[in-house]
Colleague: 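Got a structure for you, written out below as structure tokens; questions coming shortly.
Just so we're on the same page: letters track the sequence lines, and every chain starts at 1.
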Amino acid sequence: MSSRPVALSRAHRRRRTTTLVTKIGSGAGLWALAALFILPFVWMLSSSLKRNIDVFAVPVRWIPDPVQWSNYVEVWLGDQSMLRYFGNSLLVTGVSVTGDLITASMAGYAFALLSFKGRDKVFLIYLATAIVPYQLLLVPRFMFFQQLGLYDTLWALILPGIFTLFGTFLLRQFFIACPPELGEAARIDGAGEWAVFWRVYLPQAKPMLAALAIIRFVGSWNDYETPLVMLSDERKYTVPLGLTQFIDAEGGLSAGLAMAASVSSVIPILIVFLIFQRQFVAALAHAGLK
Amino acid sequence: MAVDTVTATAPPAAAPQPKRRNRRSRRTPTRVGWLFILPNVLGFVAFTLIPLIAGLGIAFTDWNVVSGLSGIDFVGLKNFQVLLTDTKFWESVLRTLFFAGITVPGTMILGVLLALALNRDVPGKIALRTIFFIPHIVSSIAVGMVWLLLLNPQSGVVNLGLGRLGVSDPPDWLVSQTWGLPSLVLISIWSGVGYCAIIYLAALQSMPPDLLEAAKLDGANAFQRFTTVIWPALMPTTTFLAVTMLISHSQGFGLIAFLTGGGPGDSTTVLSYYMYSEGFQFYRFGYAAAIGVMSFIGVLILTAILWRFQKGRGLYT
Amino acid sequence: MGDFSRFSRRTVLGGLAATAGAAVLAGCGGTDAGPGGGSPDSGQLNVWGGVPAESGPDDLIAAFQKEHPGITVTYTRYVNDDSGNLKLDNSLQGGVPIDLFFSYGAGRISKRVNAGLTLDITDKVKETPELAPFAADASPQANYVFDGKIHTVPAALSPGFVLANADLLDDAGIEVPEDWDVNDYHEIATKLSRGNTHGSFVAPEYARMVLGPDMYYAEGGEASRIEDPAFRTGLELSLAMQNDNSTMPKQEILAQKLETFSQSAFLSGRFAMMATQAYMLRYVADTKEYPHDFTVRAFPLPAPIKGQEHWNAGAYGDLLSISQKSQQQDAAWTFFTFWLANAGTYMVKGGRLPSVVDPAKTDDILDSLLGEEKETLYDVDSFKPVLFDDTVKVPVDTIYTGATEIEQIVKKSTDQVLLGDMTVDQWVTDVKKQADAAIKKG
């Protein structure tokens with residue numbers, strides 16, 4: 001860089017101004033783009049306050065008239081309240097995502113940074129399995145779970161969710177970009193393998209764990225196919241399955257109610273999002289990068 | 001779980017094997033490594049691998065679910081022989097290649113750009129990150145309905161806008177044989193970009209800051225910093241996204257089922273939808289499984305290519 | 001580092017084969033307990049059906065348990081779509097306790113019967129006088145008979161009829177002739193089309209009304225009969241009606257998914273007439289969700305050819321069967337007959353007309369179907385003749401080879417014709433070829 005202090009300071013000032021301009025510019029640009037992405041949520045919110053006949057009216061009317069607050073009342077306080085489904089979903093999603101974070105980070109770490117016999121073979125099988133279309137899994141899994149006595153229990157949803165290829169693969173790819181020297185240094189200081197993983201590497205992975213938690217939470221929370229095939233007792237239904245009560249025998253949809261339930265169903269996801277976003281920000285501050 | 005300290009030297013067993021890289025040449029005792037992966041591997045074998053193998057086996061049978069285990073009729077390679085001459089199958093292979101070939105790189109390029117933008121100090125950063133992820137969160141009916149509204153040939157915003165710009169004969173989008181698949185590409189990119197961005201963002205934020213500082217001191221401009229420092233460091237994440245998106249786009253059919261049902265004609269029948277029709281609608285599970293196996297082989301080959309590509313990029317130079 | 005190149009194919013295949021063995025072992029040894037009779041007056045029954053519990057089944061079951069305190073009934077609702085039916089098939093096959101279940105559509109039930117999932121109830125039906133119309137040798141055929149045996153009885157009969165916006169008809173001063181045919185229908189639809197309102201939703205189902213049961217199959221079911229002129233005439237009618245704007249354009253229907261949401265479009269006055277079945281009346285009666293300010297009137301379906309006898313485009317539905325694996329087949333039969341006898345009392349509010357109608361009760365059924373505001377919502381007198389007409393012939397299909405696929409081929413190709421991507425001639429050649437192939441595939 002220039003050795004003359006004056007030039008440096010001028011360049012510095014200029015850079016600050018441009019940064020401010022780009023900041024405002026990119027902010028405005030991003031917000032404009034964001035409008036296109038928020039649209040489905042707006043549609044859902046608007047439809048959740050409409051009568052069925054208005055939901056599919058063309059052209060769409062974004063402001064409901066009349067506003068049908070009763071949709072929410074019926075969804076929450078009606079004969080078939082969503083409350084129980086929420087409880088089930090929270091249980092299933094909470095346990096399986098927590099479990100997945102633990103097993104996936106351990107396995108991902110080992111696949112990336114430990115070198116041991118059989119490692120690559122196992123990983124290859126993992127990866128190959130991920131590629132097999134999941135529809136192929138549905139029927140055999142049903143038959144298998146039936147044999148194990150897991151059919152129509154929440155375990156049928158929780159157990160497969162604890163051990164996912166997705167999480168393992170994601171974290172393997174993360175750890176593989178981590179410098180191996182960190183661990184070596186700790187080992188020289190006498191740290192055990194577990195300590196190296198738990199104290200040295202895992203804290204590094206916080207943002208990625210947060211991303212995994214968010215994605216897996218959404219995936220598990222919105223999963224429709226697995227509970228559909230595995231559950232029959234309505235008291236065990238999760239939220240997406242509970243939404244089927246708004247579909248009548250001819251396939252017609254009580255769209256207003258369904259959307260009121262869907263909007264309610266998004267709220268836990270948003271909460272999780274905000275919680276884990278903090279993790280992102282905390283990691284940022286921790287790393288001293290601004 | 002507690003793991004004892006291990007020696008820092010490579011065990012003798014590893015010594016005779018020639019190593020391509022000397023990085024991580026130190027071997028962990030097998031027991032330790034396996035202890036780490038064991039919880040996941042056990043669950044994986046029990047709940048995924050075993051059912052999956054059974055699923056693959058279906059491809060060699062003539063089976064519909066209703067006839068049960070006793071109704072399984074092994075037919076060897078018959079399903080595959082039929083597939084080879086099935087024009088619908090090959091057409092849907094081509095459509096899948098077109099669909100995934102544009103959607104996957106498109107989503108990733110936009111995703112990384114979005115992640116870079118969101119990594120800066122923009123006003124309302126947290127809200128923005130959430131908003132771009134919305135297509136991934138909300139009910140698929142909402143996503144589908146919004147795009148039906150936007151792309152409506154007569155009253156949709158897109159065509160009204162094109163009309164303003166003087167386009168006299170705008171496409172019919174989802175109800176057109178020519179534009180149906182491109183419309184789905186567009187919608188898929190839109191709905192995947194936030195997901196890509198979140199993962200890229202996490203990778204960006206765990207990047208060692210001294211790396212960037214060093215690049216800054218070298219006088220590199222933003223573009224140079226990106227190509228020489230950031231992008232190579234993102235390579236494992238990119239591979240992950242490329243592979244997982246390739247997989248999900250070769251398997252997903254929910255949006256297609258809702259928006260076009262594979263039509264008009266067969267113009268949006270991609271491989272996954274074809275498999276779905278054959279299996280879940282026509283109850284030819286053996287044939288559907290054979291389509292699944294072919295799709296598996298195809299994605300496996302593409303993944304292997306991606307893998308080589310990643311390695312060729314000299315990740316650890 | 002996952003080093004792809006280093007693994008031989010043999011390693012992978014070896015691994016797969018080993019686990020495949022394990023899977024087969026794990027998959028075998030299902031419950032093989034033989035079916036049993038049990039007692040007709042006690043037991044615990046599991047019933048699976050597609051109608052939401054609160055739209056009738058709950059009430060019917062409550063009434064049943066009052067009459068048969070020894071039998072407890074649990075109703076499980078499954079969504080009647082592809083995945084929901086897969087779940088039912090899985091469960092029936094996998095030994096989930098199900099005693100009775102409903103199937104929707106001939107294709108679905110035929111698969112279940114052929115797989116041996118249903119109990120042969122031929123003799124039981126024969127011994128029950130109320131079920132005489134559904135016996136194996138009944139004429140006209142009102143039941144699905146498999147190799148001369150009865151495995152199911154339809155609990156619902158939904159004749160097709162035309163539902164019209166009476167206000168639009170009266171404003172235009174249109175009298176619908178009693179013996180109207182499709183040309184009259186077309187003409188009236190044209191008169192009713194004004195601005196954004198179309199006379200009809202889609203064209204009448206011409207081919208089905210001419211050909212009736214097994215419309216897609218040539219004699220014997222070994223080939224299709226798409227070359228039958230009825231298909232061409234029907235398609236040309238659709239095209240003509242779309243061209244003069246008397247039906248909604250296909251493009252609009254697809255772009256707004258109106259095939260799924262036709263009730264919204266009809267009740268907001270976007271078209272004046274549609275061929276439909278009784279379930280549509282439930283939306284008409286639901287003035288909270290579907291408020292509208294016109295009355296509706298019912299007409300018989302227009303004849304394909306004036307003065308000639310023809311088939312109705314409606315269907316028998318709600319096909320009730322007893323599971324072959326049920327341990328309580330006698331109690332199940334008790335419930336079976338109860339459902340058929342009482343569907344007219346409890347299931348009508350959900351828009352389902354019973355297949356067994358007590359002539360003395362038609363007024364009650366009609367009242368329950370049309371709801372509380374019937375005087376303002378309906379031209380009440382027009383409904384009884386179309387809903388309870390003994391003379392209409394509702395087709396019962398007997399051949400199902402590749403039926404779902406043929407229906408999909410016909411639908412997609414018809415869409416293409418109406419979107420202008422295919423000519424009628426191409427339609428005939430293409431659909432013929434594909435339908436024959438589908439039959440061959442089975």
Side-chain angles (χ1 to χ4, degrees), chain B residues 20-21 23-24 45 49-57 62 64-71 82 88 144-145 148-149 151-156 172-178 257-267 269 276-284 287 303-304 307-308 311 315, chain C residues 1-5 15-24 26-30 81-83 85-86 88-90 92-95 107-108 111-117 249-257 259 402-405 408 411-413 415-416 418-419 421-422 434 437-438 441-442:
Chain B
R20 267 196 271 164
R21 291 179 305 275
R23 186 174 183 267
R24 281 195 302 280
V45 170
L49 198 59
I50 291 177
L52 192 102
I53 305 301
L56 291 181
D62 193 356
N64 62 34
V65 168
V66 280
S67 57
L69 288 172
S70 54
V82 176
K88 273 196 172 182
M145 283 311 300
L148 281 177
L149 290 171
L151 295 179
N152 186 301
Q154 272 81 41
S155 61
D172 292 338
W173 303 111
L174 289 163
V175 282
S176 141
Q177 297 208 85
T178 324
F258 181 82
L259 284 173
T260 65
D266 284 325
S267 63
T269 302
Y276 171 79
S277 287
E278 286 291 325
F280 286 47
Q281 297 183 319
F282 308 152
Y283 268 54
R284 295 187 195 119
Y287 198 63
T303 306
W307 213 262
R308 299 221 149 237
K311 281 169 63 181
L315 175 54
Chain C
M1 182 83 224
D3 208 342
F4 244 106
S5 52
L16 294 180
T19 24
V24 170
C28 291
D81 59 8
D82 297 329
S83 326
N85 278 286
L86 179 68
L88 174 60
D89 288 332
N90 262 334
L92 284 168
Q93 195 49 255
R108 303 256 189 224
K111 286 196 183 78
R112 288 166 192 154
V113 172
N114 291 336
L117 295 175
K250 194 72 195 183
Q251 196 199 56
E252 201 173 332
I253 292 173
L254 290 180
Q256 300 177 21
K257 273 191 93 67
E259 275 152 359
T404 326
E405 188 175 4
Q408 199 187 83
K411 191 209 169 291
K412 279 189 175 176
S413 308
D415 286 355
Q416 281 178 293
L418 293 174
L419 289 173
D421 294 327
M422 196 193 264
Q434 292 190 54
K441 271 196 274 177

Colleague: Go through the atoms of C:N85 and report whether side chain, backbone, both or neither lie under 4.5 Å from a heavy atom of chain B.
Modeller: both
Colleague: Please state whether the side chain, the backbone, both or neither of C:E252 comes within less than 4.5 Å of a heavy atom of chain B.
Modeller: neither
Colleague: Heavy atoms, side chains only, cut-off 4.5 Å: are C:L254 and C:L419 in contact?
Modeller: yes
Colleague: Just so I understand: if I count every heavy-atom pair under 4.5 Å between each of B:P264, B:G263, B:G265 and chain C, which residue has the most?
Modeller: B:G265
Colleague: Heavy-atom distances under 4.5 Å only: say whether C:E259 touches chain B with side chain, backbone, both or neither.
Modeller: neither
Colleague: Considering only heavy atoms, which portion of C:D415 lies under 4.5 Å from any heavy atom of chain B: side chain, backbone, both, or neither?
Modeller: neither
Colleague: Given that the side chain runs from C-beta out, which part of B:T178 has a heavy atom under 4.5 Å from chain C: side chain, backbone, both or neither?
Modeller: neither
Colleague: Keeping the roles fixed (side chain from B:D266, backbone from B:T269), state whether a donor-acceptor pair exists under 3.5 Å.
Modeller: no
Colleague: Quick one: do B:K88 and B:E278 make a salt bridge, cutoff under 4.0 Å?
Modeller: no
Colleague: Quick one, C:K111 and C:D89 - any side-chain contact, counting heavy atoms below 4.5 Å?
Modeller: no
Colleague: Flag the pair B:F282 / C:K441 as yes when at least one side-chain heavy-atom distance between them is below 4.5 Å, and no otherwise.
Modeller: no
Colleague: Could you check which of B:Y287, B:W173, B:F280, B:Y283 has the highest count of heavy-atom pairs closer than 4.5 Å to chain C?
Modeller: B:Y283
Colleague: When you measure from the side chain of C:K257 to the backbone of B:F258, do you find a donor-acceptor pair of N or O atoms at a distance under 3.5 Å?
Modeller: yes
Colleague: Does any backbone or side-chain atom of B:S277 lie under 4.5 Å from a heavy atom of chain C? Answer side chain, backbone, both or neither.
Modeller: side chain
Colleague: With a 4.5 angstrom heavy-atom cut-off, is it the side chain or the backbone of C:Q416 that approaches chain B, or both, or neither?
Modeller: side chain
Colleague: Measure distances from C:L86 to the heavy atoms of chain B and classify the residue's part below 4.5 Å as side chain, backbone, both or neither.
Modeller: both
Colleague: Less than 4.0 Å between a side-chain N and a carboxylate O, is that true for C:R108 and C:D82?
Modeller: yes
Colleague: Looking only at heavy atoms, which two atoms of C:A255 and B:L148 are closest? And how far apart?
Modeller: O-CD2, 3.6 Å
Colleague: Non-hydrogen atoms of chain B under 4.5 Å away: do they reach the side chain of C:L92, the backbone, both or neither?
Modeller: neither
Colleague: Answer with side chain, backbone, both or neither: which region of B:L174 has an atom nearer than 4.5 Å to a non-hydrogen atom of chain C?
Modeller: neither
